There are 4 protein chains.
Amino acid sequence: MQSSTPAPRATGRPRSAAADAAILAATREALVELGWSKLTLSDVATRAGVAKTTLYRRWSGKNELVVDAVAELFDELELPDRGTLGADIEGVVLQFAAILARPEAKSGLMAVVAESTRDEALRERIRASIVDRQKRLVLEGRSRAQARGELPPETDESESSRTVDLIFDVVAGAVVHRCLVSAEPADEEWVRSFTTVLVAGLAAAGNDRVS
Amino acid sequence: MQSSTPAPRATGRPRSAAADAAILAATREALVELGWSKLTLSDVATRAGVAKTTLYRRWSGKNELVVDAVAELFDELELPDRGTLGADIEGVVLQFAAILARPEAKSGLMAVVAESTRDEALRERIRASIVDRQKRLVLEGRSRAQARGELPPETDESESSRTVDLIFDVVAGAVVHRCLVSAEPADEEWVRSFTTVLVAGLAAAGNDRVS
Amino acid sequence: MQSSTPAPRATGRPRSAAADAAILAATREALVELGWSKLTLSDVATRAGVAKTTLYRRWSGKNELVVDAVAELFDELELPDRGTLGADIEGVVLQFAAILARPEAKSGLMAVVAESTRDEALRERIRASIVDRQKRLVLEGRSRAQARGELPPETDESESSRTVDLIFDVVAGAVVHRCLVSAEPADEEWVRSFTTVLVAGLAAAGNDRVS
Amino acid sequence: MQSSTPAPRATGRPRSAAADAAILAATREALVELGWSKLTLSDVATRAGVAKTTLYRRWSGKNELVVDAVAELFDELELPDRGTLGADIEGVVLQFAAILARPEAKSGLMAVVAESTRDEALRERIRASIVDRQKRLVLEGRSRAQARGELPPETDESESSRTVDLIFDVVAGAVVHRCLVSAEPADEEWVRSFTTVLVAGLAAAGNDRVS
DNA sequence: ATATAACCGAGACGGTACGTCAGGTCTTTGA
DNA sequence: TCAAAGACCTGACGTACCGTCTCGGTTATAT
């Protein structure tokens, strides 16, 4: 996850593979109990049964560690085929909201995003590990909708890319804002209202574009 | 701003009014230069030409201070009448994006939101100082649109409130996500695309509701 | 002991006087239990009931702290008047040996001397706090011996100073070597033998000089 | 030097003999550059082109290693026959002072002596490798002086042994104190003064004893 | 005018976490 | 079996910031 083994090193004791998993799990556990700002790397090391130096050998700091720990949470997202675009969106938004309801995601995600405003490398890491990784859901949803005839096929590639980005910003932004800032549950009712607006908007905007 | 002076205190030296402003300004300055995580209260006190104790006498900690410092930034938002609902939204969204482009807002806002996931009182403070305070823009925009006949009038009060919240989550969430997570500029092109989708969605959803 | 209050500081909370004494006592205690190399400043701070920062605010490091802690041990040396030069020397050498027999002196003194071989400032501190401070004993002993007619009066000042230094090197060096390197007790028998040689040597060398 | 290989080991790869010399030389080099307290075994291993494990296989720790590295320095001492007891002593004292002027001796010797105050085994190692090894010089000097008639022959064996120890403590102690504590050069003038006192003291004390 | 009371600056205080470093041990590949 | 490499755990390092406290001193109102 964190580094693609730049030098394969033929000699010396190899790094423990188990340590990585233990550290990430311990990080999530600490996020749940303490939140991001009270999470300390010493504590994570202790929970993982690992020395602090081992932790620093693999991650350069708290932010990078938390990104990796949180990123794993979002990999369980998937887009089940529910028959219509609206239903598909509702399904994935509910999953997304469920993940954001977990304290390790809430506290960790926003904190690293905040940090990333002053750290270009961190922003890239977040984008690579979390954001771009989940855009697959938008792409897949659109393909299905196009196959069903709910949305018109793509004509312009850069236009297509911009639309994916826009949808992602709207969906992810709205859900995050609902869950973290408004601090209201993104329950079925809210998700249905939101999806209604979104699908209608997409359809109208799509028709505008092609017409 | 911070607390409504529970006991008015008739005697003793009154608190310096100038100090409050100096501290908030120093806080924003420090946010620009250092970002949230490297901002220290000692440093803010020094910048403001004030003792640390003076600072702690007025704010209980870093989070509360930053909320107040950031909240002032959003008070300059206004909704100029541009003739149509879409143009009004575009105008306010551009203003919002301009504020979010400033480093003191970026770094500070997300950080306190992250902290608020584990601090109920802080969340309330954010809501009172920032979120609810700006919902006026949504309310005013809707009134104008209804007066122009772009949106149907309200019938159900709780339904109305839910819609305001939804719109706020969508607008604020999308812009924040665009600016901070995607880290792309919310320029006129993006804002136009976003507004198109939003207005179409609202119109369609509104028609659904009244029909 | 450590600093002669360069700036009397009119403002701010004054430093606790009790802390200094507690820290030096704790340092000696730790020297007894752990020895120099296993003594840690964290441990000293804990023993003294003081924060580590308080300790670092007053001493720049382990070496300086130990010098001050050990220096106090030697202040109890005195030169009782026993009637003859030889008896006076025996008396003070026995006292010196008694101090060197204490573990806090043994371990601490040699360690800081070793460190001082690479630290000019530390060497000066040792000289000022310990060595020069105890040369008073040599001076006083010589005065008495001269008053009794056991030694001839001084004629050349720089010669006089060199002689004091030589005697100090011989006395301190021999006792330290006996106690720490040879690790044999500097008991009455050894002290008598040593004093015999020294007094005879001084008398003969003195006679050489004046004759 | 360090241990007499208790089991000669008939099988497996034999230990590199060159490594021992390289390690001791690297240790002295590191003592010169860094001093005892900043010398690290990792660094010594790197300098010697050897793995840390190889080093630990041969020495149990830093102290033992430094004792062996320093001990070799003193083996070059010898007692040239200059015709009189005083001249012989002057010669060897000047050699001793020259060795102590070298940084690897200064820093290393005192440090291990300091450590030895809390480590019986280390004290024995120092005594065996350094102290007792150089007492040969005192013995040889006395023999010559007796042959020349400068000192009376021995009568009592234990008395003889005590005298050798006393002389060694006085000579070694004074020179060490002069060089390391007083930090003044043990130049020819100082050595002459010291020798004058010592020889006169020995002669007078010896006459006392036999008379 | 003179208490009284809360304010102010400065800075020391007891803590906690930081990120680094050295000490020794263990685990790998290779000679 | 030893050697080299390097990851491992432990624990101390010296620094920085936290939030509290103790000073000497300054403004206000309330007598």
Side-chain angles (χ1 to χ4, degrees), chain A residues 7 9-16 19 37-46 48-62, chain B residues 7 9-16 19 37-46 48-62, chain C residues 9-19 37-46 48-62, chain D residues 9-16 19 37-46 48-62:
Chain A
R9 273 179 303 95
T11 176
R13 177 174 173 174
R15 288 190 180 172
S16 159
S37 63
K38 294 192 179 173
L39 176 151
T40 71
L41 296 197
S42 300
D43 181 64
V44 169
T46 303
V50 144
K52 222 177 7 160
T53 42
T54 297
L55 210 154
Y56 277 105
R57 209 173 285 121
R58 297 162 191 227
W59 286 277
S60 62
K62 180 165 158 174
Chain B
R9 277 176 301 97
T11 180
R13 176 175 174 174
R15 288 190 179 168
S16 160
S37 64
K38 294 191 178 173
L39 176 149
T40 72
L41 295 197
S42 299
D43 181 65
V44 169
T46 303
V50 142
K52 225 177 7 160
T53 38
T54 298
L55 211 154
Y56 277 105
R57 215 172 277 122
R58 296 161 193 227
W59 285 275
S60 63
K62 179 166 159 174
Chain C
R9 272 181 306 96
T11 178
R13 177 173 173 175
R15 288 191 178 172
S16 160
S37 62
K38 295 192 178 172
L39 177 150
T40 72
L41 295 198
S42 299
D43 181 66
V44 169
T46 303
V50 142
K52 219 175 15 156
T53 42
T54 298
L55 211 155
Y56 278 105
R57 211 174 281 121
R58 298 164 191 223
W59 285 274
S60 62
K62 180 166 158 174
Chain D
R9 279 177 299 99
T11 174
R13 176 169 169 176
R15 287 189 180 171
S16 159
S37 63
K38 295 191 176 173
L39 175 150
T40 71
L41 295 197
S42 299
D43 181 65
V44 169
T46 303
V50 142
K52 230 180 357 164
T53 38
T54 299
L55 211 155
Y56 277 105
R57 216 171 279 124
R58 296 166 148 105
W59 284 276
S60 62
K62 180 165 158 173

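Every value quoted in this text rests on a predicted model; they were computed, and no experiment measured them. Numbers restart at 1 for each chain; the letters A, B, ... are given by sequence-line order, proteins then strands.
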Expressed in angstrom and rounded to an integer, what is the separation of R15(C) atom CZ from dG14(E) atom P?
12 Å
Here's a test of your reading of the structure: between G61(D) and K62(A), which maps to the more 5' nucleotide of DNA chain E?
K62(A)
5'-most contact on DNA chain F (nearest-nucleotide basis), L41(B) vs T53(B), goes to L41(B)
Identify the heavy atoms of L55(B) and L41(B) that sit nearest to each other, and give their distance.
CD1-O, 3.8 Å
Between S42(B) and K52(B) the two heavy atoms that sit nearest each other are OG-CD, 3.4 Å
Side-chain N or O of T54(C) less than 4.0 angstrom from OP1 or OP2 on dG14(E)?
yes
If you compare every side-chain N and O of R57(D) against the phosphate oxygens of dA3(F) (OP1, OP2), does one of them come in below 4.0 Å?
yes
Take A51(C) and S42(A), find for each the nucleotide of DNA chain E with the closest heavy atom, and name the residue whose nucleotide sits nearer the 5' end.
A51(C)
Out of dC8(F), dT15(F), dA12(F), which nucleotide sits closest to the side chain of Y56(C)?
dT15(F)
Whole-Å distance, K52(C) NZ to dA12(F) P, equals 10 Å
Walking DNA chain F from its 5' end, the first of L39(C) and V50(A) to be reached, judged by nearest nucleotide, is V50(A)
Closest of dA4(F), dC13(F), dT29(F) to the T11(B) side chain is dT29(F)
Just how far, in rounded Å, is C1' of dC13(F) from NZ of K38(D)?
13 Å
As a test of reading the structure: which of dG15(E), dC13(F), dC7(E) is closest to the side chain of R13(B), going by heavy atoms?
dC7(E)
In whole angstroms, the gap separating C1' of dG15(E) from CG of L55(C) amounts to 14 Å
For A51(C) and A45(C) the tightest heavy-atom approach is C-CB, 4.1 Å
What is the minimum heavy-atom distance between A19(C) and R58(C), and which atoms define it?
CB-NH1, 3.6 Å
